[in-house]
Amino acid sequence: MTLGTFAGVEEENIRVPLLPEKEQDTEAYGHKNATFLGGLLNLTTTVVGAGIMALPATMKILGLVLGLSLLVVLGFLTYVSINFLLRFSRASNAISYADVMADAFGRPGRIILQVCIIVKTLGILIIYMIIIGDVVSGTSSNGVHHTGLLEEWFGVCWWTGRTSAMFLTTVLILAPLVSFRHVDSLKFTSALSVSLAVVFVVITAGITIAKLFDGNIYMPRLLPDVTDQAAFWKLFTVVPVMVTAYICHYNVHPIRNELVKPSDMKTVVQTSLALCSTIYVATSFFGYLLFGDETMSDVLANFDKDLGVPYSAILNDIVRISYAVHLMLVFPVIHFALRLNLDGLVFPLALPLILDSRRFSLITAGLVSFVFLGATFIPSIWDAFQVTGATVAVCIGFIFPGAIVLR
């Protein structure tokens, strides 16, 4: 056997990590300084994103009993699948999801996973941008136009239009936020984003309870209304939305790698998923109870009319502003995973991305530009949720972790 054969085998078996592999190396690059709270906030921010806006619409199709039960079950299954990843990461000394896949299935497994993560995170960032555009500039559904904040405040002009508003948001807010090189640097924006999500839930619950006492809330659908075959098949369209809402697996390892005590990650996951499930259940219940069969695929679009409570206009604006800002703060956390996996796929043998400023800047600018263009041409978040949720999201969240265990 020739020396070239040995070299070829050795090169094929090398696993090139997305971050420095040795623990002392990660400390040298300033990674090992994240606390339990910082990890909790960043993981929670990864989970609670755009999915929360589409969940009330799933209750309209499934009914409250089946819908809320499915949310809880999916939260538990997500915890089990993440626990699989952490368990086999320790066994294979892996520092990324891609490393675990490579250990189980070789280089093809790593590549397939990275492609799935790139498609998933790109899709979810486009969804974020679409919702931000809906909130600030308005949206139309079934021939009805829902006024955005800028239209409401300043009237219709060129800079309150959807494309202009999204472009200004991208340049002035999102571009600076995605420039951070370490996920722990986003812990303060993550804390604010989680707080804003809670504000949204509290206000929605308060309005619903007030209308309930006034007798203005009608009995919601408890079970799905299956009258024909089309209605039966429609039930399955909500599964991708719910699956997408819980996917955070691609950020588990980057967050764990920066913890002072990596052993805290299991508790971080447990606490985060419990908190996220509570937020999801509350939002789904009160959102559907408040709007009933008029609930839109993006429930934020429902907050543009008189809600039948005092200070309705002010509450509408607070809800929409708080969640638009929340999504802007979630954006860089998801973008971090997208950038890391794209770099690992395209430049597998290069230095860690945090050490190459030019590569870091070019990839960041290219991804942000692609997301902006995607949001400009994709009209509905429901379509984007179904595409990503039915394909790559279910692979990342459930199929790949199960396959790793079987392997």
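By convention here, the first residue in the shown sequence is residue 1.
A donor-acceptor pair under 3.5 Å links the side-chain atoms of T208 to the main chain of F286, judged by distance alone. A donor-acceptor contact shorter than 3.5 Å is absent between the side chain of N251 and the backbone of N42. Judged purely by atom type and a 3.5 angstrom limit, R87 has no side-chain atom pairing as donor or acceptor with the backbone of I82. Here the side chain of S190 pairs no donor or acceptor atom with the backbone of T45 at under 3.5 angstrom. Side chain of N257 to main chain of H253: a donor-acceptor pair is present (N/O by atom type, distance under 3.5 Å, no hydrogens or angles). Under the 3.5 Å distance criterion, the side-chain polar atoms of R256 are left unmatched by any main-chain donor or acceptor of P262. In terms of modelled atom types and a separation under 3.5 Å, the side chain of N83 and the main chain of Y79 share no donor-acceptor contact.
Contact of the L85 side chain with the I404 side chain is registered, since non-hydrogen atoms from C-beta on lie closer than 4.5 Å. Taking 4.5 Å as the limit, some side-chain heavy atom of L71 sits within range of a side-chain heavy atom of M59. Side-chain contact between L177 and T189: present, with at least one pair of heavy atoms (C-beta onward) separated by less than 4.5 Å. Inter-residue side-chain proximity for I334 and Y128 is flagged as met; some heavy-atom pair is nearer than 4.5 Å. For the pair S284 and L68, the minimum side-chain heavy-atom distance is below 4.5 Å. Here the side chains of L259 and F36 are not in contact, with every heavy-atom distance at 4.5 Å or above. You'll find the side chain of L74 reaches within 4.5 Å of the side chain of F398, heavy atoms only. No side-chain heavy atom of P56 sits less than 4.5 Å from a side-chain heavy atom of F285.
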Chi angles and distances behind the side chain to side chain contact (heavy atoms under 4.5 Å, CB included) call for I131, I127: CA-CA 6 Å; I131 294 179; I127 290 171; 4.1 Å; yes
CA sep, side-chain torsions, deciding dist, call: V368, T170, side chain to side chain contact (heavy atoms under 4.5 Å, CB included): CA-CA 8 Å; V368 171; T170 300; 3.2 Å; yes
Evaluation steps, side chain to side chain contact (heavy atoms under 4.5 Å, CB included), between K261 and D264: CA-CA 6 Å; K261 295 174 61 179; D264 287 342; 3.5 Å; yes
Worked check of side chain to side chain contact (heavy atoms under 4.5 Å, CB included) between N341 and L345: CA-CA 6 Å; N341 281 276; L345 180 65; over 6 Å; no
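The nearest pair of heavy atoms linking V178 to R339 is O-NH1, 2.6 Å. When all heavy atoms of V330 and V48 are compared, the pair lying nearest together is CG2-O, 3.8 Å. Contact between L41 and V194 at its shortest, heavy atoms only, is O-CG2, 4.2 Å. Across all their heavy atoms, V171 and P176 have their closest contact at O-CD, 3.6 Å. V201 approaches A282 most closely through the heavy-atom pair CG1-CB, 3.6 Å. What you find for L273 and G75 is that their closest heavy atoms are CD1-O, 4.1 Å.
Note: F180 and F336 fail the aromatic proximity criterion, with ring centroids not under 6.0 Å apart.
Ring orientation note: the planes of Y97 and H249 are tilted relative to one another, at an angle of 30° to 60°. Ring orientation note: the planes of Y323 and H326 are tilted relative to one another, at an angle of 30° to 60°. Between Y246 and Y280, the two ring planes are perpendicular [angle over 60°; tilted spans 30° to 60°].
Side chains of R181 and S357: a donor-acceptor N/O pair is present below 3.5 angstrom, by distance only. A donor-acceptor pair shorter than 3.5 Å cannot be found between the side chains of S96 and Y250.
Heavy atoms from other residues, nucleotides or ligands lying under 6.0 Å from NZ of K211 number more than 12.
With values rounded to the nearest 0.5 angstrom, I132 atom CD1 is found 9.5 Å from M166 atom CE. One finds the CG atom of L174 at 10.0 Å from the CG atom of L327 (value rounded to the nearest 0.5 Å). For the atom pair M328 CE and T169 OG1, the distance stands at 4.5 Å (nearest 0.5 Å). With rounding to the nearest 0.5 Å, the separation of CG in L43 from SG in C248 is 4.5 Å. Atom CG of L338 and atom CD1 of I363 lie 9.5 Å apart (nearest 0.5 Å). Put simply, CZ on R107 and CD1 on I112 are 12.5 Å apart, with the number rounded to the nearest 0.5 Å.
Judged by the 6.0 Å and 45° rule, R110 forms no cation-pi pair with F105.
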